[in-house]
Amino acid sequence: MKKFKVEIIKLTNHLKRKLGMDPQDVAEGEIANEAIMEADRLIEELCSECHSSIGGFLKALGEKWSEMREIGEDTPQRRALSEEIFTLSHEIKDIGSMCGYNLIAHFAESLRDYIEETELNLEAQKVIIQAHYDAMNLAHKNDVKDDDGPVASELKQLVKVAIKKYK
Amino acid sequence: MSIFKKDEPVLYDLSEMTILLVEDSHYMQSLMILMLKAFGVGDIMACSNAQEAIDILKVTQARRKSRYVTNVDIVLTDWLMPAGPGEDLLKWIRSHKDDSIRFLPVVVVSAYTTEKVVSRARDLGANETLVKPVSGKGLASRICAVIDKARPFVSIDDYFGPDRRRQSLEFEGPDRRMIKQEQVKVTREKTVG
């Protein structure tokens, strides 16, 4: 029996068929411009509530961080809280980058990646998580959006120093 | 025969379409659902990690002859999900024994813009990649690309998924591909769905 190294499978385009078209039809389609504009309007609407949404997530993150900080040793409970902080950071990062809060998104991503990638070191965590949390809160309180500019640079520097010193 | 004239743009009516959305961020999930509804997508199933998506696909697959459960047409999945990443889902889909699952179009939605993630998703068989933050235009273009630019699937030792070469450009130099034409089997008109 002949042994083939590659199989190329040409599929019937059933999506086109489902859209009422001939599967062989090479014509390209589009989604109505009005629908795309409506989708963009929904993004804008979400972003209009973004500041208070991020505030809510930061509050939750602060609460989890307080609980985690109180646990002085590596326990399953502490690790569970660490995972919750990871998830909250991830959420803040998504909303922040979606709605133009780039500085907060930057810190949220950094915090998320730090929790994910760094080996557990309780003392280092205390300082680094706190630095990220403080930076996000300051950016949020002062409604700083851009991740460049003097305020952003100063906040980034503070976090950078904390990471450099304790990582 | 198409009911559309060739030179007119075809406006897609997605009311018969079912999209499985896998997104762990509550906010992003709600937003994406609203955007897909704005596009007129008829049925949107949403879940928040790879395992939930696998369960949904298993159920829809098992009940695909039922008039009450629709087949999934396109999977839109986030990449980084702590409770079960998009990578796991993509691997599961592309290694499934059933054609209606393993040929499913998968669009990876990722906040990671690194080339590494994009090439990883491509090498695991993703059809398209959409980088966050999403926009109406970006999401619409990926859905249309899945419909319009359906590529043949390629099965080799270490890859199963849509042909990673999107264009077949003429090339004047020597052919350095290691596989000879007679070692390629072309299967046509495989019907899925």
Side-chain angles (χ1 to χ4, degrees), chain A residues 2-43 45-47 49-50 53-54 57 83-84 86-87 90-100 102 105 109 112 116, chain B residues 1-4 6 8-14 16-17 24-28 30-31 34-36 38-40 73-74 80 82 103 105 111 132-137 139-140 143-144 146-150 152-157 163 179-180 182-193:
Chain A
K2 199 168 183 180
K3 175 83 177 149
F4 294 104
K5 285 198 171 180
V6 180
E7 185 182 8
I8 297 170
I9 305 157
K10 295 193 171 175
L11 303 163
T12 302
N13 192 334
H14 84 104
L15 292 179
K16 282 209 168 178
R17 189 195 287 148
K18 211 163 188 179
L19 295 169
M21 299 172 73
D22 183 342
Q24 307 289 333
D25 197 334
V26 291
E28 292 189 4
E30 55 190 42
I31 290 169
N33 207 32
E34 295 75 29
I36 294 173
M37 282 162 67
E38 172 61 9
D40 286 333
R41 191 194 63 75
L42 290 163
I43 295 173
E45 198 176 283
L46 175 114
C47 291
E49 297 163 7
C50 184
S53 304
I54 290 178
F57 282 116
E83 273 178 32
E84 286 186 65
F86 176 97
T87 307
H90 182 51
E91 194 100 28
I92 293 169
K93 195 259 168 211
D94 269 356
I95 302 172
S97 58
M98 171 66 91
C99 300
N102 298 327
E109 185 175 16
R112 181 198 67 189
E116 186 186 39
Chain B
M1 275 289 286
S2 171
I3 56 169
F4 305 103
K6 291 285 176 208
E8 281 178 13
V10 179
L11 286 184
Y12 284 144
D13 170 8
L14 305 177
E16 293 295 316
M17 194 79 82
D24 64 341
S25 161
H26 172 72
Y27 258 80
M28 286 304 296
S30 307
L31 177 67
L34 289 171
M35 289 171 81
L36 292 169
F39 290 169
D73 297 304
I74 299 173
L80 180 78
F103 291 122
K132 287 179 186 173
V134 293
S135 65
K137 197 177 170 186
L139 183 58
I143 291 171
C144 288
V146 163
I147 299 165
D148 293 329
K149 299 181 176 110
F153 267 59
V154 173
S155 176
I156 48 176
D157 286 345
D163 191 345
I179 297 164
K180 292 174 185 162
E182 56 269 25
Q183 292 174 307
V184 178
K185 177 188 177 186
V186 179
T187 312
R188 288 176 192 277
E189 295 297 314
K190 193 145 187 164
T191 304
V192 295

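A, B, ... follow the sequence lines: proteins, then strands. Residue 1 opens every chain. Computed from a predicted structure; not experimentally measured. Heavy-atom basis, side chains included; hydrogens, waters and symmetry copies ignored.
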Do A:K16 and B:I147 pass the side chain to side chain contact (heavy atoms under 4.5 Å, CB included) test, and can you show the C-alpha distance, the side-chain angles, and the key distance before you say yes or no? CA-CA 6 Å; A:K16 282 209 168 178; B:I147 299 165; 4.0 Å; yes

The salt bridge (Lys or Arg N to Asp or Glu O under 4.0 Å) partners of A:E38 (sequence neighbours excluded) come to A:R41

Reported [atom1]-to-[atom2] distance for the pair [X] and [Y], which is rounded to 0.5 angstrom:
X: A:D40; Y: B:M35; atom1: CG; atom2: CE; result: 6.5 Å
X: B:D163; Y: A:I9; atom1: CG; atom2: CD1; result: 11.5 Å
X: A:R17; Y: B:E16; atom1: CZ; atom2: CD; result: 13.5 Å

Would you say [X] and [Y] make side-chain contact, with heavy atoms under 4.5 Å?
X: B:L14; Y: A:I31; result: yes
X: B:L80; Y: A:R112; result: yes
X: A:M98; Y: B:L31; result: yes
X: B:L11; Y: A:E30; result: yes

Apply side chain to side chain contact (heavy atoms under 4.5 Å, CB included) to residues A:L15 and B:D73 and explain how you reach the verdict. CA-CA 7 Å; A:L15 292 179; B:D73 297 304; 3.6 Å; yes

Please state whether the side chain, the backbone, both or neither of A:I95 comes within less than 4.5 Å of a heavy atom of chain B.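 For A:I95, the contact with chain B is made by the side chain alone.
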
Cut-off 4.5 Å, heavy atoms of chain B, and the answer for A:L46 is side chain

Taking [X] for the side chain and [Y] for the main chain, is one N or O donor matched with an acceptor at less than 3.5 Å?
X: A:H90; Y: B:D24; result: no
X: A:N13; Y: B:D148; result: no
X: B:D13; Y: A:L19; result: no

Toward chain A, the part of B:L36 with a non-hydrogen atom under 4.5 Å: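 For B:L36, no heavy atom lies under 4.5 Å from chain A.
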
Check B:G136 against A:I43 and note the closest heavy-atom contact, atom names and distance.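 B:G136 and A:I43 have their closest heavy atoms at N-CD1, 4.1 Å.
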
Specify the closest pair of heavy atoms between B:Y27 and A:S53, including all atoms of both residues, with the distance to one decimal.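 It is OH-OG, 2.7 Å.
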
Between A:P23, A:A35, A:G29, A:A39, which residue shows the highest count of heavy-atom pairs closer than 4.5 Å to chain B?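 Of A:P23, A:A35, A:G29, A:A39, A:G29 has the most heavy-atom pairs under 4.5 Å with chain B.
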
Quick one, A:E7 with B:V154, criterion side chain to side chain contact (heavy atoms under 4.5 Å, CB included). Give me CA distance, side-chain angles, the key distance, then yes/no. CA-CA 6 Å; A:E7 185 182 8; B:V154 173; over 6 Å; no

Check ring-ring contact (aromatic ring centres under 6.0 Å, His included) between B:F153 and all other residues, then give those that pass, not counting sequence neighbours.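 B:F103, B:F160.
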
